[in-house]
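Here the structure comes first, spelled out in structure tokens, and everything after it is commentary.
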Amino acid sequence: MEGFFIVGGNRLEGEVEIDCAKNSLLPIIACSVLIDGEVELRDVPQYKDVLVMCEIIRHLGGKAFFKGNNLYIDCQSMDKDCLPNDLASSVRSSIFMLGPILGKMGKAKVAYPGGCDIGLRPIDLHLKGVRDFGAKVIEKNGYIYADGKNLEARDIVLSFPSVGATENLMMLALSIKGQSRIFNPAREPEIVDLQEFINSCGGKVMGGGGDMIVVDGGRKLHSTSFKAIPDRIETGTYIIATAMCGGKVKLNNVIPSHNNSLISKLSKSACKFEINNDSIVIERKSHLKSFGEVETAVYPGFPTDLQAQITALGAVSEGYSMVVENLFEARNKHIAELVKMGCDIRSKSGITIINGKPKIYGADLVAPDLRGGASLVLAGLCAEGYTTIENISLIDRGYYKFEKKLSQIGGDIKRLEIVKNKC
Ligand code: EPZ
């Protein structure tokens, strides 16, 4: 099967173009169900999760196709309201289809979502919000059945600022005439981007990024041409890669403020940053020392999607570091793989203590999930010897042309057929 073959030890030098954000594009593709006309999304990377969402759109009777780097979606011919298990269970973002399908078709039958194996990932906040809007929701035989006969514009309060639940409920509210308000929403930049997308189609959504989102529902939504924000997690991954391997890298097409928590953490250790309007230059100035401690939190706190990557950084930084994962109870499967490389890491109930080593060694590894897989790539790039990584389709879910971009800045990484070591 396909895998990455990495030879560690090279410094990283050069420039990287950051792609549009996976976690913006996925809800925007779902929202396209509600648009009366063609949606053009510019410069869309072919993340595996984006390709699955396009398959879902086509399954429902809509059109979704690439022309060059642009993705075109047109759901005017959509005629289905059922999302089967084989499609829904392969991505977390399938649950974002519940609101739009229910809003457009009046009812929905959606199988449970999949996604990275980083915890239970319940959908109770999604379903409670849909019920609070007046829908009848039954869970049976692995499917969610929703009936939208009695939908009404309402005030909805989220008990936790869930990113997906916020996006799902924003989209459901678009189909309900009147003003709905969502309190305690997620504040991630991707929420604001969904709001900007909706408003570019003639919608009227306000308050994204704050503590209350107001949706003026029942408006006709027309065609648009839109470009999603840069991927702040891809940006953070390359920042950490440069810190680990040493060197100087310029990241283009970024919104620096989206990475404030990481930049402030690393500028206190061994990295020097040059922050421009839409680019960041990061240079590893000196010997890597521990970054101290990091706790993951909702935005603008330290992102859970960079937790595995900064754990790998701690593993090669002198001294002790601590990483606390507060959002996903099982986002730790990368640790067992890092330990195979000689990393000294202990983890219990979300608290990880890392004793940084001057040298780690290449090994044969298996990517446990998207961001855990990325952390293994970073570790392989700065390890002594070679590293193989299997299961890289999980990494392809959220990094497009990862090995090509890393090779362009000096990383020795290839995508090859991996033949298991036979001893
Ligand atoms: C989104 O997942 C992202 N995925 C995740 O990125 C990201 O880690 C996460 O937000 C947090 O920022 C996409 O946008 C496609 P949540 P989501 O609902 O919406 C609990 C990546 O690597 N919760 O904000 O699933 C949940 O268990 C992926 O790109 C409930 O309890 O995240 C978790 O503890 C991984 N009930 C917390 O909330 C619910 O109904 C945050 O989850 C929903 C969530």
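Both ligands and their constituent atoms are indexed starting at 1 by order of listing.
With ligand atoms numbered from 1 in the order given, ligand 1 contributes 21 (C), 22 (O), 29 (O) to contacts under 4.0 Å with heavy atoms of R371. Interface atoms of ligand 1 facing K22, defined by a heavy-atom separation under 4.0 Å, are 21 (C), 29 (O). Within the listing of ligand 1, atoms 39 (C), 40 (O) sit less than 4.0 angstrom from a heavy atom of I123.
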Name each donor-acceptor pair under 3.5 Å that joins a side chain in residues 151-161 to protein atoms two or more places apart or in another chain, with its distance.
residue: E152; atom: OE1; partner: R154; partner atom: NE; Å: 3.2
residue: E152; atom: OE1; partner: R154; partner atom: NH2; Å: 3.2
residue: R154; atom: NH1; partner: D132; partner atom: O; Å: 2.5
residue: D155; atom: OD1; partner: R181; partner atom: NE; Å: 3.0
residue: D155; atom: OD2; partner: R181; partner atom: NE; Å: 3.4
residue: D155; atom: OD2; partner: R181; partner atom: NH2; Å: 2.7

What side-chain donor-acceptor pairs closer than 3.5 Å can you find for residues 63-71, not counting sequence neighbours?
residue: N70; atom: OD1; partner: D43; partner atom: N; Å: 3.1

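Among all non-hydrogen protein atoms, the one lying nearest atom 6 (O) of ligand 1 is D305 OD2, 3.0 Å. For atom 41 (C) of ligand 1, the closest non-hydrogen atom of the protein is F160 CE2, 3.7 Å. Counting only heavy atoms of the protein, atom 12 (O) of ligand 1 lies nearest to V163 CG2, 3.9 Å. When hydrogens are left out, the protein atom nearest atom 43 (C) of ligand 1 is P122 O, 3.3 Å; that is the closest non-hydrogen contact. Summary of contacts: the protein heavy atom closest to atom 25 (O) of ligand 1 is R92 NE, 2.8 Å. Here the protein heavy atom with the shortest distance to atom 19 (O) of ligand 1 is G164 N, 2.9 Å. Among protein heavy atoms, the minimum distance from atom 14 (O) of ligand 1 is reached at N23 CG, 3.3 Å. Of all protein heavy atoms, the one lying nearest to atom 36 (N) of ligand 1 is D124 OD1, 2.7 Å.
For the pair E337 and K340, the salt-bridge criterion is met [side-chain N within less than 4.0 Å of a carboxylate O]. Under 4.0 Å is where a charged nitrogen must lie from a carboxylate oxygen, and between K22 and D305 no such pair does.
At a 4.0 Å cut-off, not a single heavy atom of C116 sits close enough to ligand 1 to count as contact. Contact annotation: R331 has at least one heavy atom less than 4.0 Å from an atom of ligand 1.
Using modelled atom types and a 3.5 Å distance limit, the side chains of E403 and S407 yield no donor-acceptor pair. E325 and T304 are linked by a side-chain donor-acceptor pair at a separation below 3.5 angstrom, with hydrogens and angles left out of the test.
Below 3.5 Å of separation, one finds an N or O of S162 facing an N or O of ligand 1. Between E167 and ligand 1, no N or O atom pair is found at a separation short of 3.5 Å. At least one N or O atom of L327 sits closer than 3.5 Å to an N or O atom of ligand 1. In terms of polar-atom proximity, defined here as any N/O pair under 3.5 Å, L125 does make such a contact with ligand 1.
Neither the backbone nor the side chain of E329 comes within 4.0 Å of ligand 1, counting heavy atoms alone. Under 4.0 Å from ligand 1, heavy atoms of H126 appear from its side chain as well as its backbone.
Looking at heavy atoms from C-beta onward, I123 lies out of side-chain contact with L98 at the 4.5 angstrom threshold. Residues L174 and R219 are not in side-chain contact: their nearest non-hydrogen atoms beyond the backbone lie 4.5 Å or more apart.
The minimum heavy-atom distance linking A228 with C20 is given by the pair O-SG, 3.4 Å. Nearest heavy-atom pair, I360 versus C343, reported as atom, atom and distance to 0.1 Å: CG2-SG, 3.7 Å.
Annotation: K80, atom NZ; neighbour count of heavy atoms from other residues, nucleotides and ligands within 6.0 Å is above 12.
In this structure, CD on E283 lies 14.0 Å from NZ on K250, to the nearest 0.5 angstrom.
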